[in-house]
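Heavy atoms only: backbone and side chains are in, while hydrogens, waters and symmetry mates are out. Throughout, protein chains are lettered first and strands after them, A, B, ... in sequence-line order, and every chain is numbered starting at 1.
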Amino acid sequence: MPISKETQINQLREKFFTLKSLGFSDAQFASALGIEEVEVRKLRHKLGIEPVYKMIDTCAAEFESFTPYYYSTYEAENEALDSQKEKVIILGGGPNRIGQGIEFDYCCVHASMALREAGYETIMVNSNPETVSTDFDSSDKLYFEPVTVEDVLAIWNQEKPLGVIVQIGGQTPLNIAEAIEKEGVKILGTSVAQIARAENRYEFNTIVNKLKLNQPPSEIADEPSQVIEKAHRVGYPVLVRPSFVLGGQSMQIVYSDAELNNWLSAMEKSGIVWPVLIDKFLDDAIEIDVDAVSDGKEVLVAGILEHIERAGIHSGDSSCVLPSYTLSDAQIDELIKSTELLAKELGVIGLINVQYAFKEGKLYVLEVNPRASRTVPFVSKATGIPFAKIGALLMVGNSLESLREKGILPKFTIKEFMMKGLISVKEAVLPFKKFPGCQIALGPEMRSTGEVMGIAETFGIAFAKAQIAAGQNLSPKNKTVFLSVNDSEKDQMLEIAKILESLDYSIYSTEGTFNYLKEKGIQSTIVRKAKDPEPNILNLLTERKISLLINIPKGLDALQDNMSIRRLAILLDLPLITTMAGAKATAEALKSYEEAGRKFSVKSLQEYHPVC
Amino acid sequence: MPKRTDIKKILVIGAGPIVIGQACEFDYSGTQACKALKAEGYEVVLVNSNPATIMTDPEIADRTYIEPVTPEIVRLIIEKERPDALLPTMGGQTSLNVAVALAEDGTLDEYNVELIGAKLKSIKLAEDRELFKQVIASIGLNSAKSETVTDFDHALKVATEIGFPIILRPGFTLGGSGGGIARNQEEFEIMVRRAINESPTSQVLLEEDLTGWKEFELEVVRDLIDNVVIICSIENLDPMGVHTGDSITVAPAQTLSDVEYQDLRDQAVKIIRAVGVECGGSNIQFAINPKNGKVVVIEMNPRVSRSSALASKATGYPIAKVAAKLAVGYTLDELPNEITKTTTAAFEPSIDYVVTKIPRFAFEKFPGSEAILGTQMKSVGEVMAIGRTFAESFQKAMRSLEKNTIGFGPFPIPENLTKEKILIALSKPPSPDRIKMIWQSFALGASIQEINQVTFIDLWFLAHLEILYKEYRELENMKEDFLGLKDLDTNFTLTSII
């Protein structure tokens, strides 16, 4: 018997519903049916198939529950409670990953706190069980849901809030911002179009030119045949990377045609996406991160962080200091002015982060991110001003002036803060030990999982605290250092060797370094290189005769030769320093630390920042 | 019992920087603990070197020290602040280690600081493999057999006691080189000589091989008058051999019979009492041999852990907050359940949904290292999803991962891949791609039995995954039917279906 049209439609609706209750996403439907996800959504709405929300109530509905902690499913009864307050949705960052971690959770929780205090109902959406943001009392309502277009739209339809905050949860909310906006969601703060503009290479070039700022010379290669020629046009060293990468993935600094060709063939094997971006690499430049907030009219610089390592190391992996310690007053003014120009040009409402470099006194803009950056919590702790909260309040329409009047924002400026004489150092923590066989070197791709902070009145002590907090042993029983530094940086090493000698460190060195030191009147013990026959440096490490390693080779081949030393040092938890800037800072820190009799004074945040 | 009034100031130690294995779950637990203690009127002093945490916000504690979490520095803070008590169970292993060091070097006695939440004896009991094994044996339970050897003759003797297969783990070698699994005497003799040679200290840990056993965790909370509640059971989809932090886990446990589950409960209660965790949360891990149901106790964490964060989110029961209040003398029946407002913390949560956690990896950032999951944790983050069924929560978790996954499949099938090849690949140590590979196996015609034989993943899970695979294929075949609905001019409502 042929079935009626109506029965067939109902059977299909039931099938659709069954699949949704098995967790199939609109995107999976789209893939199976060969249509766009938006089309699936239209069809689903037409068929009357919408998720409902259930409460996490600890008791399987045995008792009545009042806590709006929800998850979605496909069933009959909707347990979501109605509310009449003005609501704001905050999108969280989803799973932690390298490059997007706890810092963004911090920003989301702060946004929720600030908006709650300001009288809004806050709605958190996140899928990460490790976080404070997914604690049911961090917000008025918690939706423990995937941060995807489908799931966020459904919550939008359920709650009908004022808008959604996408700029503080890392890349995750930004990735879906355009799509949800297209389907009717209002995004609060800086517009999606402006965020996209800052990320688009061509648009970004236009902005920088328009504002008469500088950026490193750069070229874009659309196919393999153009790469070498364009690299020559820019001039070695160059920083190459495929466009559309996150966290600096597959980025490399290359110094020659040969290295560039190696990179290209490796990229082709892993399936490269063209075009490729080729930037002039600013060798030996000082990198700076600037965090700021803006209400669309006024721009307030929150923090100026100077990187300790030279340019070329991902900002998430380099240590940095606030306030900057080598920049002049005029340079600080230039940074503030450039940041103001960029924030205004991009119509920033909320947070913005700009990465700069000073090379030979000239300021270059490297990157503009009109969103919360990884450094927001660090800057907030260093200055005592809760910038994530302020950013959130700006996004719902407050002005900086009104926040000053309400006493939420202190009246001092960044330059006035810098006079306070308080120094904060941030150090990254790297997971090399967990990945045996991996390359142990800092580079343009971020690999750190976490960070620590050291606060003190002097740079040396602040840096020492950060190193100790990161797990380095700065109080070894026998003070021995292994020095191995390339020829071009030996002069810089001399100063470091002198400091270590004055601190009673016995120096071990490889042949080249040994001869150089001898010439300069510094005594050291010669050690064979790792590739030489035993006994060599590896034996010394295993016997735990070395308590500090400074290993700074130059070029990829030399780096490979030194990899076995680095791997063993990591395995044995020995302090390993791989950059000259890092070595200088460490020497200074050791000096301060030893002079202080290996003792610190400790002070609480409440003592450092009495206002907070 | 009401809260203690003889202590006024409490020092809480945080976990320090985010590292693999000790991540922001300890910000969650530490923040909860500080807030709970402050709300009870105690003066809270906090030390943590991690500025990116909420717990180090100046309003969470009364005094916040962003200083290195080392015994030397914490001693300075104790000298300055003179707290009455130290709560060491909220900051992971880092915090416990510092507390143990300060207890053993006499600092806590010198300044009259009481350890609350966990006593030195029970911390050490749970941490020390040998002592823990003795306790487990003393209450009539099984633990995995293991012993460290340094010479060949001793190794042979230990091997006879443990029985084959045996896992060899040489100490201090790069990536555990020289280690492996010996299936018989002959293999063992060759491997153990090599392992002893490879280890710079000649130390080799020999362990009973539990690879492929089913793995479970129980989150347990105990108060000072010996009430014990089980907050949540968690089942690892990945069998033993993969670190819990790297395993896909599901709550509540899905494949246990009630008898088996009650047995685990009883064992957990016995263990927390025997180890003597007076009050607070603990996590206890078990392995069950799928062939004969034998239960082995793997380990216990006498503190709040990654799993307690997951269990708290999965059930709505705030373990860290409750544990902090128990540490100052409250009992479970005195603490209200904040979700229902009418019941108390002594009620065991019951849940009518399923929670799936999937870890996220970052091997691509570390070229040169092998993308293999083993007993050392490698994941850098995780997602959790909630649904009415395992299938629904699993698919939601897959699409939360942001690894270009939109659910359980579809995944591309490489042209030259065959069923035989994919099954061989699945029989090797698990990789982060194992879920994709299971989907591909279905696509290439493998049965759930064949997959179970190589992966040891329980048939129950595989059967559900197979349903999802088949439903997806069926949906593909119904393309024309569904596309035909697009032109309908009626709009339907949900109620007409259910």
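Atoms OG and CG, on B:S350 and A:D57 in that order, are 7.5 Å from each other to the nearest 0.5 Å. Between atom CD1 of residue A:I455 and atom CD1 of residue B:I66 there is a gap of 4.5 Å, rounded to the nearest 0.5 Å.
Using a 3.5 Å distance cut-off with no hydrogens or angles, the side chains of A:S21 and B:E392 do not pair a donor with an acceptor. When only modelled atom types and interatomic distance are considered, B:D62 and A:Q606 share no side-chain donor-acceptor pair under 3.5 Å. Using a 3.5 Å distance cut-off with no hydrogens or angles, the side chains of B:E402 and A:T172 do pair a donor with an acceptor. Looking at B:R388 and A:Y74, their side chains never bring a donor and an acceptor atom within 3.5 Å of each other.
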Exercise for the section: Evaluate side chain to side chain donor-acceptor pair (under 3.5 Å) for A:D135 paired with B:Q32, printing each intermediate quantity in order. Expected result: CA-CA 9 Å; A:D135 195 355; B:Q32 272 203 352; 3.2 Å; yes
Handout entry: Test side chain to side chain donor-acceptor pair (under 3.5 Å) applied to B:K396 and A:S72, step by step
Key = CA-CA 10 Å; B:K396 282 173 82 177; A:S72 70; 2.9 Å; yes
Exercise for the section: Could you walk me through whether A:S31 and B:E476 pass side chain to side chain contact (heavy atoms under 4.5 Å, CB included), step by step? Expected result: CA-CA 8 Å; A:S31 160; B:E476 281 181 328; 5.8 Å; no
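Heavy atoms of B:S393 lying under 4.5 Å from chain A are absent altogether. Only the side chain of B:K80 comes within less than 4.5 Å of a heavy atom in chain A; its backbone stays farther off. Proximity to chain B is absent for every atom of A:F104, based on heavy atoms less than 4.5 angstrom apart. Heavy-atom distances place both the backbone and the side chain of B:K378 under 4.5 Å from chain A. Contacts of B:T53 with chain A are made by both backbone and side-chain atoms, with heavy-atom separations under 4.5 Å.
Under the ring-ring contact (aromatic ring centres under 6.0 Å, His included) criterion, B:Y65 pairs with no residue, sequence neighbours left out. Evaluation of the ring-ring contact (aromatic ring centres under 6.0 Å, His included) rule for A:F136 yields no partner, not counting sequence neighbours.
B:M478 places a side-chain heavy atom less than 4.5 Å from the side chain of A:L12.
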